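Excluded from the calculations below are hydrogen atoms, water molecules and symmetry mates; all remaining heavy atoms, backbone and side chain alike, are included. Just so we're clear, the structure is a prediction, and the values are computed from it rather than from any experiment. Numbers here simply count residues along the sequence, with the first being 1.
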Amino acid sequence: QAHGGSYSAKLQPLGSVTDPSAPYFYYPMQMDGEEGYSYADFSKLAKVSFYMYNAESEAHEVQLAVVASISDVYSTDYKVVGSYSLTPGEWTKVEYTPDYEGLQDLCDITNVAGLGFVFENQNSSSIADAPVLYLDDLTLSVSEEPLAEIKTSEPGRGEVQSFDLASSL
């Protein structure tokens, strides 16, 4: 299956019988090195769009998440920013426009760690039970200039700074 070219990414999110958490993967927004890239500044992000194909006979759901931090391959802090139903046998176009103020309560929007894709746990250890989905044409539409006003806060002398919203993951 391919949407906008010759190839797409085949996904078979499975989950686990012993771990109730939802299976997910993420794209890092920054990679160092000669072939590196940086899309970490979400203050310049106008829109994220992608297509996902559901090769199954029943609907499935995917959630898009903004990854605030990545400790290691098993440990990320993320917030789901959208849920999308995937129609059986069709390509579903997903578009996400950032809520800059809400994201700033989560993380430094000029240094976002990644974009995550979260799926339903199939409660199985057999790949035969995993739905077959395809991801294609992932696009980040960015601006040259910031689209968001960066919030800053300086507590007054003797005032305690609250971090309640930032720790609501």
Could you pull out the closest heavy-atom pair between Ala59 and Pro88, with the gap in Å? N-CG, 3.5 Å
With side chains defined as the heavy atoms from C-beta onward, is the minimum distance between Val66 and Leu106 less than 4.5 Å? yes
Quick one: are Tyr27 and Phe117 in side-chain contact, heavy atoms under 4.5 Å? yes
Flag if over 12 foreign heavy atoms under 6.0 Å of CD, Glu149: no
Kindly give the heavy-atom pair with the smallest separation between Gln30 and Ala40, and that separation in Å. OE1-CB, 3.7 Å
From Leu115 CG over to Tyr39 OH, what is the distance, rounded to the nearest 0.5 angstrom? 12.0 Å
Can Val17 be reached from Tyr24 by stepping across I, L, V, M, F, W or Y side chains whose heavy atoms are under 4.5 Å apart? no
d(Thr110 OG1, Gln104 CD) to nearest 0.5 Å is 9.0 Å
Looking at side-chain heavy atoms only, is the closest gap between Gln122 and Leu14 below 4.5 Å? yes
Is the shortest heavy-atom distance from the side chain of Asp136 to the side chain of Tyr53 under 4.5 Å? no
Around atom OH of Tyr84, are there more than 12 heavy atoms from other residues, nucleotides or ligands closer than 6.0 Å? yes
Looking at side-chain heavy atoms only, is the closest gap between Phe42 and Tyr100 below 4.5 Å? no
Flag if over 12 foreign heavy atoms under 6.0 Å of CD, Glu101: no
Considering only heavy atoms from C-beta outward, does the side chain of Phe119 approach that of Leu11 to under 4.5 Å? yes
Contact summary for Val112 and Val67, nearest pair of heavy atoms: CG1-O, 3.6 Å
Is the closest side-chain heavy-atom distance between Glu61 and Ser83 below 4.5 Å? yes
Side-chain touch Leu133/Pro13, heavy atoms, less than 4.5 angstrom: yes
When rounded to the nearest 0.5 angstrom, what distance separates CG in Asp77 from OG in Ser69? 3.5 Å
Could you report the tightest heavy-atom contact between Pro28 and Tyr37, atom names first, then the distance? O-OH, 3.0 Å
Side chain Asn121, main chain Ser16, donor-acceptor under 3.5 Å: yes
Enter the distance from Thr92:OG1 to His60:NE2 here, rounded to the nearest 0.5 Å. 12.0 Å
Test your reading of the model: is there a side-chain donor-acceptor pair from Asp99 to the backbone of Leu103, 3.5 Å cut-off? no
Between Tyr134 and Tyr51, does a side-chain contact (heavy atoms from CB on, under 4.5 Å) hold up when you go through it step by step? CA-CA 8 Å; Tyr134 294 88; Tyr51 287 85; over 6 Å; no
Measure across Pro20 and Thr18 and return the closest heavy-atom pair with its distance rounded to 0.1 Å. CD-O, 3.9 Å
Minimal heavy-atom distance between Val132 and Lys10, with the atoms involved, is CG1-CE, 3.7 Å
Test item: Thr139 side-chain N/O and Asp137 main-chain N/O as donor-acceptor pair under 3.5 Å: yes
To the nearest 0.5 Å, tell me how far Leu138 CG sits from Met52 CE. 9.0 Å
Any luck finding a side-chain donor-acceptor pair between Ser49 and Glu95 under 3.5 Å? no
From Leu147 CG over to Thr97 OG1, what is the distance, rounded to the nearest 0.5 angstrom? 10.5 Å
